[in-house]
Structure formats: structure tokens, C-alpha cells
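Below: one structure, written as C-alpha cells.
Just so you know, ligand 1 is whichever comes first in the structure, and atom 1 is the first atom listed for that ligand.
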Amino acid sequence: MKQISLGDRKLAITNIVVAYIAFLIGTFCGLMQVFIRNDALTLPPWLDYYQILTAHGVLLALIFTTYFIFAFLISGMSYSLGAFGPKVRLFSWIGFFVTTAGTILATVEIIAGRASVLYTFYAPLQASGWYYVGLALFVVGTWIYSFALIGHYVKWKKQHKKQLSPLFAYMTISTLILWIIACLGVVATVLFQFIPWAFGWVDTINVELSRSLFWYFGHPLVYFWLLPAYMAWYVVVPKIIGGKVFSDSLARLSFVLFILFSIPVGFHHQLTEPGISSFWKFLQTVLTFMVIIPSLMTAFSMFGTFERTGRLKGASGLFGWFFKLPWKDIRFTSLFIAMFFFIPGGAGGIINASFQLNEVVHNTLWVVGHFHITVGTPVAMTFMGLTFWLIPYLTGRKLTKSIQKLAFIQIITWSIGMLLMSTSQHILGLLGAPRRTAYAGYMDDPTALEWFNGILSNHVTMAIGGTILFLSAMILIYIVFQTLFFAPKAKTENELVEFPMAESDLDQTPKYLENWWIWIGIAFALIAFAYTIPLAEMIHHAPPGSSGFKTW
Ligand code: HAS
Ligand code: CU
């Protein structure tokens, strides 16, 4: 069994530990939220709904994901390209400490009640300046991390001239390129707009510009979460089911398309906002539909892998392969359910992105339902499915039968909880229940209250779903603890847990796919095309800037 070096394992484990601390606090905040919206819980005066909502969003969507992603990338890069050299390791640790300093600063500000601005931190809501400094440190830390991993890759490339890199490394680099380009927007707005404004160095802020720079980052952010999950689907799943990667070039091309199309689309979050002409909104809507293609390619590729592997195992007929899948293996089943959730998740995204339909769903609970079956299940559940083997792999402990059973319970409860919660959120949203608000009763209007009383269109159903999710999260925390500290150590080679990484045929893969400068160049051209004129207009025709508001 191939083990990665001890130093790299320590790095990865440390990241996982921080990820799950954030997960623990974040899910607890989620539990409180569904009860507040259901009027079943009144908070003590020092706690506030928006404060908890901010903590929930930041800790789960930003912190849990980012740390877990780096743990996964570090492990996979070390596995596929070899142990990190001293420089790469040093920079990874520096990245970790800077990111963590940012995380702690931002979390303290949220807990102290000075930053109840939600994870999107829309101006003119104004947090304390230190909150934005925390965010900036967080991003810079992830950049240091990213450059460390890129350095590891560059060194490998130098030693293996004219060779294509292994698929895992290729996908890691694509994800990091996407992340670095995406962060330029958030760094620009935080450094040049929010920090001077929040510290009082300037009086006002250009609201529309800040939101646009945020969404320039905010949309590719969702692919920064998704791509590592896709990496697991492309590389880990085929190995577990006993097959090979369906098509190496298809997989690489889909990641390239994400670099190209995931950034110039941020306006699909701002379709209802004034100050952007409908031409530019329409253009970015079209580009949004382009970024759906690599996901459809991924779906195709997954079905291809399942069917080809199934047929090799003797399956026949249209759906025979379905019964050849290793359902009893939690490493597979968790990822399969994650994929399954992404079918309605992706369909909902297409609805959101459709210019006119967006009018119906924007700022309603529908959108909350959407992101719980995109980042909250396909991505989060993939990370859970990876956790089950990744921690034992890193700690050299066994994935015991009892832990596997618990893992099944955890995945099933998460699925049920999410199904209830997100279905009711979608329906409530269609009925007009607003989001980003503690107040869900529509002025206690009797007709609205009547609507919100169906079995699935009910805040109680949402709360039941939320409670099941919290229980599931606690089971997961228990599993994490067990596999980190208590499960028996693997004594023989056979007992060691493997890092499942499927074989990928490189013979057909065109070399130009790895010519990053072409893709980075086209990405910047598309970004310039989609953003230059509307951003320039926002600056030139800006209404008077806004002073800050603390509404909590
Ligand atoms: Fe989204 C809002 C459009 C994907 C996350 N999105 C959000 C927000 C979040 C989020 C967090 O256009 C809220 C932000 C906020 O706070 O305001 N989204 C899309 C589109 C896609 C999409 C077009 N979103 C995601 C992903 C996310 C995510 C992924 C997180 C990870 N989203 C929007 C829009 C809004 C939005 C608007 C703004 C709404 C508003 O008005 O505010 C696409 O990328 C989706 C493409 C996906 C597919 C699905 C492919 C299916 C696969 C699974 C195959 C299954 C298998 C199993 C093989 C086309 C790959 C088969 C098994 C069987 C048994 C059949
Ligand atoms: Cu988006």
C-alpha cells in the first residue's frame, strides 16, 4: 500500500481538524436558525439571528470547505507526485497559519457581534474593519497554500519533461488557477473599498461596484467547492467500483472549461439589481449556460464509468450495471448519493440562471434550498465520503466495521434531513417566503400564513429536516474523533486503508490541454469582455456613495 510521507500527512490532518471544528460550530448555528425561523426559539439578548446566520455561512461554506479541500489536495498531490520538498512544506505551513489567523480574526469579530453581515457581506451593511482584515488574511493564506502546491507541480514537471501530469495533479492545478483568478475580485473590493470605509478613512462606498466585485469572486467560489468533489468523482469513484477513468481527455477538458467560463458570470446573482444594463446581464447569462456544459460532461462521464465497469463485470441490458455497483461500500454509496442530489441541484441552478425565471426565485428561500443541494449535499457529502477513508489513511488506523455502519447511518440521515429541508425551502420560496431574514410571516398576512401551512411548504418541516441534519453532523463528528484518535491502528499491510486513485489512460490526451497559459489567456479575455464596460460604467456613473449601516 502506497503511503505518503509523514510530514505531508501531518499537514493534511491539521487541515482536517480545523475543517471539522468549523463544521461542528457551523452546524450548531444551522440548528438554531431553523428553530428561530419557526418561532420555537428566542435568542438571549447577546445573540442575534443575523450573527448566527453569518457564522453558519462563513464557518460551513468558507472555512469547512477550504480546509477540507486543502487537506484533500495536499494528500492527493503528495500521493501522485511524491513527497513535498522542504520549501513546499514550509510554504504550505505558512499558508496554513496565515489562513488560520484570518479565520480566527473573522470568527472572533462575528462572535463579538461586530460582523453580522452574512457571508456575502453586502455593503452598505458595515462590519468592523478587522473583520475585513480577517477575510483578506484568509484569502492571502490560501494563495500562499496554492503557490506551494503549484511549486510542487512545477518541480515535478521539470523532472518529467514533455510528460503529462497525473490527472489528480492536473485537476488540482486547474482548481487553484480558478481560485487565484477568482479571488482577485474579492481582494480588490476588500482592500480598496471595505477596509478604508470600515476604518473610517473614507466616508462612503460604491455599493454596486462592491457587489459586482464580490460576485466576480462569489460564483467561481462555488466551483472552488465543487471541483474537488468532481476530482473525487472522476478519480476516486472509478477505482472503488473497480474500473478506470472513463476518458482522461474529457475529464481534463471539463476542468479547462471551468477555468474559462466560471468567472465571467457573476451578474447572474445580480439580475434584479439596477445599475447594470440588461445587455451585460444577458451576456453573462449566456456565459452561465456555457459553464453548465462541463457539469453535463461530468454527468455523462459518470454514467459512462458506471456502465463500462458494470459491463466488464457481466452486466447486461440498459440498467444492468446499476446492480453491479458496490452499494455496501460506504466510500462509494456516499459519493453516489452526493451525485444524485446534484441532479435537482443543477437543474435548480439552471432555473436560477434563466434571466426571467430568476425574478420568481431571487431572494426567496428557493435559493437557500438550491445551495443546500449543491454545496450542502453534493459537495459536503462527497467530503464526508472522503473523510471516512482519508482520515484512517492519514492516521494509519483501521476503518472498522462499526465505523462503517455508523457512516451509513450518517449518510442516510443527512440525505433524509436534506431532502425534507431543501424540498420545503424550494416550495416555500416559490410561495414567496423571503430569505436572509429572521422574519418569515409576511406581516402575519392570513393568506400567506395559510400558504405556509402545507406539509412540505412549512417551516416546521424545514426545522425537522434541520434537526435530523444536526444529529447526522454529530455522528460525523464522532466518526472523525474515532478515526483520528481511537480506532485501532492497522498492523499489517492488508489492514491499511488505501488512497483510491483510478488509472487514467494518457495515450489519447492532447498535450495542449496542459498548456496553462492558453487557458489563462482566454479566461482573462472572457473576463475583460464580460466585465470591463459594465464595471467602468459603475465607476463613471456612480450615484453618491453610501455610508455604513449596522442594522443589528
Ligand atoms: Fe448556484 C445561487 C446558478 C451550481 C451554490 N448557488 C447560488 C448560491 C449558492 C450557490 C451558495 O444563475 C447562493 C448565493 C447567495 O448567497 O446569494 N448554480 C447556478 C448554475 C449552476 C449552479 C447555473 N451553485 C452551483 C453549485 C454550487 C452553487 C455547484 C455550490 C457548490 N446559483 C445560480 C444562480 C444563483 C445561484 C443564478 C443566484 C440566485 C439568486 O437569484 O440569488 C450550475 O453549475 C449547475 C450545473 C449542474 C448540472 C448538474 C449535473 C449533474 C451531475 C450529477 C450526475 C449524477 C449521477 C448520478 C451520475 C447541470 C454532474 C446518477 C444517478 C442516478 C440514480 C440517476
Ligand atoms: Cu452563481
Side-chain angles (χ1 to χ4, degrees), residues 53-54 56-58 60-62 65 69 118-122 182 211 214-230 233-234 237 246 254 257-258 261-273 281 284-307 319 321-322 325 327 332-333 335-383 425 429 434-436:
L53 186 54
T54 308
H56 175 71
V58 170
L60 290 179
L62 294 179
T65 50
I69 288 168
L118 312 194
Y119 84 103
T120 39
F121 60 94
Y122 276 178
R211 288 160 80 118
F214 176 82
W215 284 117
Y216 163 102
F217 155 82
H219 185 77
L221 168 68
V222 313
Y223 297 124
F224 174 65
W225 303 328
L226 182 70
L227 293 193
Y230 274 9
W233 299 2
Y234 275 112
V237 166
F246 177 71
S254 79
L257 293 178
F258 278 114
F261 293 111
S262 59
I263 300 161
V265 298
F267 286 169
H268 70 224
H269 293 266
Q270 301 172 272
L271 292 175
T272 56
E273 287 177 20
K281 288 178 179 171
Q284 295 210 8
T285 301
V286 173
L287 291 172
T288 304
F289 275 78
M290 294 296 291
V291 80
I292 293 166
I293 294 172
S295 283
L296 294 174
M297 285 163 62
T298 304
F300 169 78
S301 187
M302 289 306 113
F303 282 111
T305 314
F306 295 153
E307 178 167 357
F319 295 111
W321 51 267
F322 190 82
L325 292 169
W327 296 109
F332 167 75
T333 310
L335 267 54
F336 187 90
I337 299 176
M339 290 176 196
F340 187 71
F341 266 90
F342 200 39
I343 297 177
I350 298 174
I351 291 171
N352 298 345
S354 307
F355 208 153
Q356 296 90 332
L357 289 182
N358 186 269
E359 298 290 316
V360 181
V361 296
H362 182 65
N363 271 347
T364 69
L365 269 185
W366 165 284
V367 177
V368 182
H370 164 68
F371 63 68
H372 281 94
I373 53 168
T374 47
V375 64
T377 314
V379 170
M381 195 181 279
T382 299
F383 292 176
Q425 285 169 336
R435 77 164 174 133
R436 289 186 175 131

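Here is the list of ligand 1 atoms found below 4.0 Å of a heavy atom in Asn358: 39 (C), 40 (C), 41 (O). Ligand 1 places these atoms under 4.0 Å from at least one heavy atom of His362: 40 (C), 41 (O), 42 (O). For ligand 1, the atoms lying closer than 4.0 Å to a non-hydrogen atom of Val375 are 30 (C), 31 (C). Remark: ligand 1 atoms within the under-4.0 Å shell around heavy atoms of Ser295 are 46 (C), 47 (C), 48 (C), 50 (C), 60 (C). Short contacts between ligand 1 and Arg436, defined as distances under 4.0 Å to a heavy atom of the residue, involve ligand atoms 15 (C), 16 (O), 17 (O). Shown in contact with Val379 at under 4.0 Å from a heavy atom are these atoms of ligand 1, numbered in order with element: 31 (C). Each of the following atoms of ligand 1 lies closer than 4.0 Å to a heavy atom of Phe336: 62 (C), 63 (C), 64 (C). Remark: ligand 1 atoms within the under-4.0 Å shell around heavy atoms of Phe303 are 58 (C), 61 (C), 65 (C).
When hydrogens are left out, the protein atom nearest atom 43 (C) of ligand 1 is Tyr223 OH, 3.6 Å; that is the closest non-hydrogen contact. Closest to atom 54 (C) of ligand 1 among all protein heavy atoms lies Ala299 CB, 3.7 Å. Protein heavy atom nearest atom 53 (C) of ligand 1, with residue, atom name and distance: Met339 O, 3.5 Å. When only non-hydrogen protein atoms are considered, atom 38 (C) of ligand 1 lies nearest to His269 ND1, 3.5 Å. Looking at atom 58 (C) of ligand 1, its nearest protein heavy atom turns out to be Met302 CB, 3.5 Å.
Only protein N, O or S atoms were considered, and those under 2.8 Å from the Cu ion (ligand 2) are His219 ND1, His268 NE2, His269 NE2. Inspection of the environment of atom 1 (Fe) of ligand 1 yields the following protein N, O or S atoms under 2.8 Å: His370 NE2.
In this structure, Val367 counts as a contact residue of ligand 1, since one of its heavy atoms falls inside 4.0 Å of the ligand. For the ligand labelled ligand 1, residue Tyr119 lies inside the 4.0 Å heavy-atom shell. Taking a 4.0 Å cut-off on heavy atoms, Arg435 registers as neighbouring ligand 1. For Trp215, the heavy-atom gap to ligand 1 drops under 4.0 angstrom.
Atom CZ of Phe258 and atom CD1 of Ile293 lie 10.5 Å apart (nearest 0.5 Å). In this structure, CD in Gln270 is found 10.0 Å from CZ in Phe214, a value given to the nearest 0.5 Å. Atoms OG1 and CG, on Thr272 and Asn358 in that order, are 6.5 Å from each other to the nearest 0.5 Å. Put simply, CG on Leu357 and CD1 on Ile351 are 6.5 Å apart, with the number rounded to the nearest 0.5 Å.
Side-chain atoms of Tyr223 and Val291, non-hydrogen and from C-beta on, do get closer than 4.5 Å to each other. Side-chain contact check for Asn352 versus Val361: some heavy-atom pair is nearer than 4.5 Å.
A distance below 6.0 Å separates the ring centres of Trp327 and Phe332. Taking the six-membered ring where the residue is Trp, the centroids of Phe300 and Phe246 are separated by under 6.0 Å.
Side chain of Thr382 to backbone of Ala229: no donor-acceptor contact under 3.5 angstrom is found. Distance alone, capped at 3.5 Å, is enough to place a donor-acceptor pair between the His372 side chain and the Val368 backbone. His268 places a side-chain N or O within 3.5 Å of a backbone atom of Val265 that can act as its donor or acceptor partner. For the pair Thr377 (side chain) and Thr374 (backbone), a donor-acceptor distance under 3.5 Å is absent. Not a single donor-acceptor pair under 3.5 Å links the side chain of Ser354 to the backbone N or O of Gln356.
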Requested in this report: Given ring pair (Phe, Tyr, Trp, His ring centres under 6.0 Å), test Phe322 with Phe306 step by step and report yes or no.
Outcome: CA-CA 7 Å; Phe322 190 82; Phe306 295 153; 8.7 Å; no
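For the residues Gly346, Gly57, Pro378, the heavy atom positioned nearest atom 45 (C) of ligand 1 is part of Gly346.
Of the heavy atoms in Phe342, both backbone and side-chain atoms come closer than 4.0 Å to ligand 1. At a heavy-atom distance under 4.0 Å, no atom of Leu271 approaches ligand 1.
Using a 3.5 Å distance cut-off with no hydrogens or angles, the side chains of Tyr230 and Ser295 do pair a donor with an acceptor. Donor-acceptor pairing under 3.5 Å is lacking for the side chains of Thr298 and Trp233. Side-chain contact of Tyr234 with Ser254: a donor-acceptor pair under 3.5 Å is present, judged by distance alone.
Between His219 and His269, the angle of the ring planes lies from 30° to 60°, which puts this pair in the tilted group. Relative orientation of the Trp321 and Phe319 rings is tilted, given thresholds of 30° and 60° on the angle between their planes.
Of the N or O atoms in Tyr122, none lie within a sub-3.5 Å distance of an N or O in ligand 1.
In Phe340, the CZ atom is not crowded: 12 or fewer heavy atoms of neighbouring residues, nucleotides or ligands sit closer than 6.0 Å.
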